[in-house]
Student: 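Attaching a single structure in structure tokens format; questions to follow.
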Amino acid sequence: MEFTQTMEHVIKELAVIRKVYAKAFSESFVQESFSPNEVNILIFLARNPSLNTGRDLSICLDVSKGLICRSVDALIKKEMITARDDPDDRRIQRLVLTKKADPVIQEIFKVNQEISRDIFQGIPEEEIVQMEKTLRKIIQKFHERLEII
């Protein structure tokens, strides 16, 4: 199989993985729906509380500012986050998770853990470790390529 076909196949399969997670999250949040980007923002803010501006989200999640703005607005309406003025710079708003977001984030982490446990069941740990090493090498090469362009 040619390398180009291999990478196209990997990209298509990553889309399948995203669909599995999106379906699992939507089934967990029947009473309130969240877009995949909203889920990503909640996870990111939970794991990186100091990177809490729209600009931080746009850069780190590699998503357009417009999509970040729409998703943040939706999360504010759902009372999952608040936007607070930065005390040192009025032009900056800091995004902070609310207490109402805590159970949602815990459910996201729980679903993520359940999927990972299910997916990796029966696969020897050394194969998982080797896969991670190989993926890191491939991703590093893509980052290097991006810096060259």
Side-chain angles (χ1 to χ4, degrees), residues 1-120 128 131-149:
M1 181 180 283
E2 185 181 325
F3 178 73
T4 304
Q5 292 172 326
T6 301
M7 287 313 301
E8 288 173 2
H9 182 73
V10 168
I11 291 167
K12 286 179 183 177
E13 295 307 321
L14 289 174
V16 170
I17 293 169
R18 279 193 300 275
K19 287 178 184 177
V20 167
Y21 279 100
K23 183 177 183 216
F25 292 139
S26 67
E27 289 171 356
S28 287
F29 303 115
V30 175
Q31 73 282 5
E32 191 163 15
S33 64
F34 293 93
S35 73
N37 199 55
E38 290 169 12
V39 171
N40 286 340
I41 289 171
L42 291 173
I43 292 169
F44 185 83
L45 290 173
R47 291 187 174 154
N48 306 282
S50 64
L51 296 172
N52 59 6
T53 67
R55 184 174 188 269
D56 293 335
L57 293 171
S58 179
I59 291 168
C60 294
L61 296 176
D62 195 25
V63 175
S64 73
K65 290 177 186 176
L67 182 54
I68 292 294
C69 185
R70 286 189 299 276
S71 299
V72 164
D73 286 346
L75 289 169
I76 289 172
K77 286 179 185 169
K78 293 175 184 174
E79 300 176 339
M80 296 290 134
I81 62 174
T82 60
R84 298 182 182 157
D85 291 333
D86 185 294
D88 299 323
D89 189 341
R90 293 182 312 152
R91 296 170 298 174
I92 298 173
Q93 288 200 319
R94 301 284 174 186
L95 304 171
V96 181
L97 295 169
T98 65
K99 290 289 182 196
K100 187 175 179 180
D102 288 346
V104 173
I105 291 166
Q106 293 308 314
E107 182 66 19
I108 289 169
F109 289 156
K110 180 182 145 209
V111 168
N112 192 354
Q113 193 173 37
E114 289 171 359
I115 290 171
S116 293
R117 188 174 35 249
D118 183 46
I119 297 300
F120 292 115
I128 295 169
M131 176 203 63
E132 288 175 341
K133 286 179 182 178
T134 303
L135 280 174
R136 274 193 222 105
K137 287 178 183 179
I138 293 169
I139 290 168
Q140 179 60 38
K141 293 288 187 182
F142 274 104
H143 281 280
E144 290 169 6
R145 175 80 182 223
L146 188 60
E147 291 172 10
I148 293 171
I149 296 175

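Computed over heavy atoms, backbone and side chain alike; hydrogens, waters and symmetry mates excluded. Predicted model, so just to flag it, every value in this text is computed and none were measured.
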Student: Of the non-hydrogen atoms in Ile68 and Leu57, which two are nearest, and what is the gap between them?
Tutor: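 The answer is CD1-CB, 3.8 Å.
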Student: Might you confirm whether atom CG of Asp62 has over 12 heavy atoms from other residues, nucleotides or ligands at distances under 6.0 Å?
Tutor: no
Student: Out of curiosity, Thr82 OG1 to Ile76 CD1, how far, rounded to the nearest 0.5 Å?
Tutor: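 Interatomic distance, Thr82 OG1 to Ile76 CD1, rounded to 0.5 Å: 7.5 Å.
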Student: Check whether any side-chain N or O of Lys78 sits under 3.5 Å from a backbone N or O of Ala101 as a donor-acceptor pair, and report yes or no.
Tutor: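 Not a single qualifying donor-acceptor pair exists.
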Student: How many angstroms lie between CZ in Arg136 and CE in Met131, if you round to the nearest 0.5 Å?
Tutor: 9.0 Å
Student: Once rounded to the nearest 0.5 Å, what's the spacing between atom CG of Leu45 and atom CD1 of Ile81?
Tutor: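 Between Leu45 CG and Ile81 CD1, I get 6.0 Å after rounding to 0.5 Å.
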Student: Give the minimum heavy-atom separation between Leu95 and Ala83, together with the two atoms involved.
Tutor: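 Closest approach of Leu95 to Ala83, heavy atoms only: CD2-CB, 4.0 Å.
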Student: Verify the neighbour count for atom NZ of Lys100: are there more than 12 heavy atoms of other residues, nucleotides or ligands below 6.0 Å?
Tutor: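 Yes.
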Student: Okay, side chain of Thr98, backbone of Met80: is any donor-acceptor separation there less than 3.5 Å?
Tutor: yes
Student: Considering all heavy atoms of both residues, which atom of Ile92 and which atom of Thr53 are nearest to each other, and what is their separation?
Tutor: CG2-CG2, 3.6 Å
Student: Say you draw a straight line from CD of Glu107 to CZ of Phe34; how long is it, rounded to the nearest 0.5 Å?
Tutor: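 Spacing of CD (Glu107) from CZ (Phe34) equals 10.5 Å.
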Student: Taking all atoms of both residues into account, what is the closest heavy-atom pair of Asn52 and Asp56, and its distance?
Tutor: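 For Asn52 and Asp56, the tightest heavy-atom pair comes out as N-OD2, 3.1 Å.
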Student: How far apart are the closest heavy atoms of Leu51 and Phe44, and which atoms are they?
Tutor: O-CE2, 3.4 Å
Student: Might you point out which heavy atoms bring Ala74 and Glu38 nearest each other, and give the distance in Å?
Tutor: CB-OE2, 3.1 Å
Student: With sequence neighbours excluded, tell me which residues meet side chain to side chain donor-acceptor pair (under 3.5 Å) with Thr134.
Tutor: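 With neighbours one apart ignored, the set is Gln130.
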Student: What is the distance from atom CG of Asn112 to atom CD1 of Ile115, rounded to the nearest 0.5 Å?
Tutor: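 Spacing of CG (Asn112) from CD1 (Ile115) equals 6.5 Å.
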Student: Flag the pair Leu135 / Glu132 as yes when at least one side-chain heavy-atom distance between them is below 4.5 Å, and no otherwise.
Tutor: no
Student: Taking everything shown except Gln113 itself, do over 12 heavy atoms lie less than 6.0 Å from its CD?
Tutor: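 Counting other residues, nucleotides and ligands, CD of Gln113 stays at 12 neighbours or fewer.
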Student: With respect to Val72, which candidate in Leu67, Asn37, Ile41 satisfies the side-chain contact (heavy atoms from CB on, under 4.5 Å) definition?
Tutor: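 Of Leu67, Asn37, Ile41, side-chain contact (heavy atoms from CB on, under 4.5 Å) with Val72 is met by Ile41 alone.
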Student: With heavy-atom distances below 4.5 Å as the criterion, would you say the side chains of Ile17 and Tyr21 are in contact?
Tutor: yes
Student: Short question: side chain of Ser58, backbone of Gly54 - any donor-acceptor pair under 3.5 Å?
Tutor: no
Student: Evaluate the criterion salt bridge (charged side-chain N to carboxylate O under 4.0 Å, His left out) for residue pair Glu27 and Lys23; output intermediate values, then yes/no.
Tutor: CA-CA 6 Å; Glu27 289 171 356; Lys23 183 177 183 216; 3.6 Å; yes
Student: Can you measure from CD (Gln93) to CG (Asp86) and round to the nearest 0.5 angstrom?
Tutor: 10.0 Å
